[in-house]
Amino acid sequence: MINEVAASVAKGGDICSILNAVNIDLRPADFGSNSKCAFSSPTEGFASILDAIDDIRQGKMVVISGDEKRESKGYIMVAASQITPEAIDFLMNRGSGIIYVTVEGGGLEKLQSPFMNVEHSTTACISANDLATTILALASRESNVEYYSSGSISLLRYREGGILERAGHREPPGDLAVLAGLEPIAVLCEVPCDDGSTERLTKLHKFANEENLKIISITDLIRHRRINDKLIELTASVKIPTTWGTFTAYCYQSITDGIEHIAMVKGKIGEGHDVLVRVHSECLTGDIFGSARCDCGNQLALAMQLIERTGRGVLVYNRGHEGRGIGLGNKLRAYVLQDAGLDTVDANIELGLPVDSREYHISAQILRHLGVQSVRLLTNNPVKCVELRSYGLAVIDRIPVVATITKENERYLETKGAKMNHVFGDSCMSNIINGSGC
Ligand SMILES: [Zn+2]
């Protein structure tokens, strides 16, 4: 039977009519306890964000590493409200000696300080005591500017929204201070191991180890906030009769960028276990116009049919994911290059764009808001399983969505298999048929 289905798929047959014809059972099954979530684990070699927050609350310093893959700079931070003359001495002697204080934009303007538009290194020489007093005054939002004009500290603007708004070195200290329950004002000093070598990250870890300071990664901080901050707002919900059956549509707005997403829900989510879920990336050409260049429209239809037939499930429609995140215009430009011989991956690279820049934290938040706990994910893309797990959802099964293979999309699907680890084929069909994971 499996071979029959696979053969029909290869000939371009309609999957759902085939599944109906062979009476495939799509009822939820027991897939065991393979639901371990990786979201609480920090990147290897780094401290957890929760441990770092504890230290900051206690007035300890923490080392922040930039993008660990790019060997970027490292900084020592301490919450401004916890600064001491001893900490100043440490930053002067073991850090680079140039001390910055990050202050949110509104707070900076209220200070009316001579430093308002000045971001330069220290020149004057005042005592650690006086510097600590100055920084404590800043942390308590005093407007006395006597010490600010000393030239010994520089103020940096911390953008409201922090690291989720701008992934620079100015935002993590303020974010960490807020997470520790303190004012978003922090002291920052570069770790002096920037000799341009490719071993910068190793040196940064060595420094933190020698000084007995925790070191965290900015990537982990972003992930922590994407899991724990409320980043969506439910704006409407209503029943919608569709081609495939009646679903309840939930509209969610992303708080950071205002983009509206939709979740089509079938049946009762209840305790939220073993829910059939499709996290679908917007594809205007495929979903609306039935473009044969990709399999998106067919996957969308198949997922809706499967969820309808199961009687319980969710399809999250992710807006802003067009062209794996490069946008509609760029996707069409990539098609021009594909017509000239490049595949879907190389075309993006040729345009100087990422192969896949999609993020799944908004999908995870939407699913969690709907009460979904564990997921049987309809996807050919194993990365989606890893991503959703990293944002706190238990993905207990992956069910491939093998849509119609045609002459037009055959090469596109081959590339996704060869270069993006997508999984199609007989084994996928057997998993749908048997109700077990790939
Ligand atoms: Zn598409």
Side-chain angles (χ1 to χ4, degrees), residues 9-10 12-16 242-244 254 259-264 277-307 313-360 362-363 366 377-388 398-425 428:
V9 171
D14 176 82
I15 295 294
C16 270
T242 73
T243 307
W244 304 281
S254 161
I259 294 177
E260 291 179 311
H261 308 269
I262 198 164
M264 300 295 280
V277 168
R278 166 77 183 164
V279 171
H280 191 84
S281 294
E282 175 179 30
C283 174
L284 187 130
T285 48
D287 298 340
I288 305 299
F289 298 108
S291 164
R293 280 184 177 268
C294 61
D295 57 344
C296 304
N298 288 337
Q299 283 192 311
L300 177 66
L302 180 54
M304 290 293 279
Q305 280 177 289
L306 293 176
I307 291 169
V314 182
L315 184 138
V316 178
Y317 194 85
N318 264 308
R319 313 248 335 274
H321 271 195
E322 188 74 56
R324 297 194 299 274
I326 63 174
L328 184 58
N330 283 329
K331 184 175 79 170
L332 300 191
R333 289 169 64 211
Y335 284 163
V336 174
L337 294 175
Q338 287 171 44
D339 286 346
L342 297 187
D343 63 37
T344 182
V345 169
D346 289 339
N348 282 27
I349 293 168
E350 179 71 20
L351 289 171
L353 297 167
V355 172
D356 191 343
S357 59
R358 291 172 292 180
E359 300 282 359
Y360 296 98
I362 293 294
S363 308
I366 288 171
L377 194 65
L378 288 160
T379 184
N380 301 325
N381 182 2
V383 171
K384 271 191 196 173
C385 301
V386 174
E387 284 288 316
L388 288 176
R398 183 177 68 79
I399 301 172
V401 188
V402 187
T404 310
I405 300 168
T406 63
K407 191 158 60 72
E408 288 83 5
N409 70 21
E410 191 176 16
R411 182 164 177 241
Y412 168 81
L413 294 175
E414 271 177 18
T415 304
K416 280 171 106 176
K419 292 192 174 177
M420 303 181 77
N421 299 319
H422 285 217
V423 183
F424 315 96
C428 304

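Not measured: the values here are computed from a predicted model. Just follow the structure's listing: the first ligand is 1, and inside any ligand the first atom is 1. FYI, side chains are in, hydrogens and waters are out, and symmetry mates aren't considered; it's all heavy atoms of this structure.
- Taking the six-membered ring where tryptophan is involved, the planes of Tyr317 and His280 are essentially parallel, since the angle between them stays under 30° and well short of 60°.
- Here the closest non-hydrogen pair linking Asn381 and Thr379 is N-OG1, 2.9 Å.
- For Thr285, the side chain to side chain donor-acceptor pair (under 3.5 Å) partners are Lys331, not counting sequence neighbours.
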Evaluate the criterion salt bridge (Lys or Arg N to Asp or Glu O under 4.0 Å) for residue pair Asp339 and Arg293; output intermediate values, then yes/no. CA-CA 11 Å; Asp339 286 346; Arg293 280 184 177 268; 2.8 Å; yes
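- Side-chain atoms of Glu282 never come within 3.5 Å of backbone atoms of Glu322 as a donor-acceptor pair (strictly under, hydrogens ignored).
- Within the protein, the N, O or S atoms sitting under 2.8 Å from the Zn ion (ligand 1) are Cys283 SG, Cys294 SG, Cys296 SG.
- Residues Ile259 and Gly320 approach most closely at CD1-CA, 4.5 Å, considering heavy atoms.
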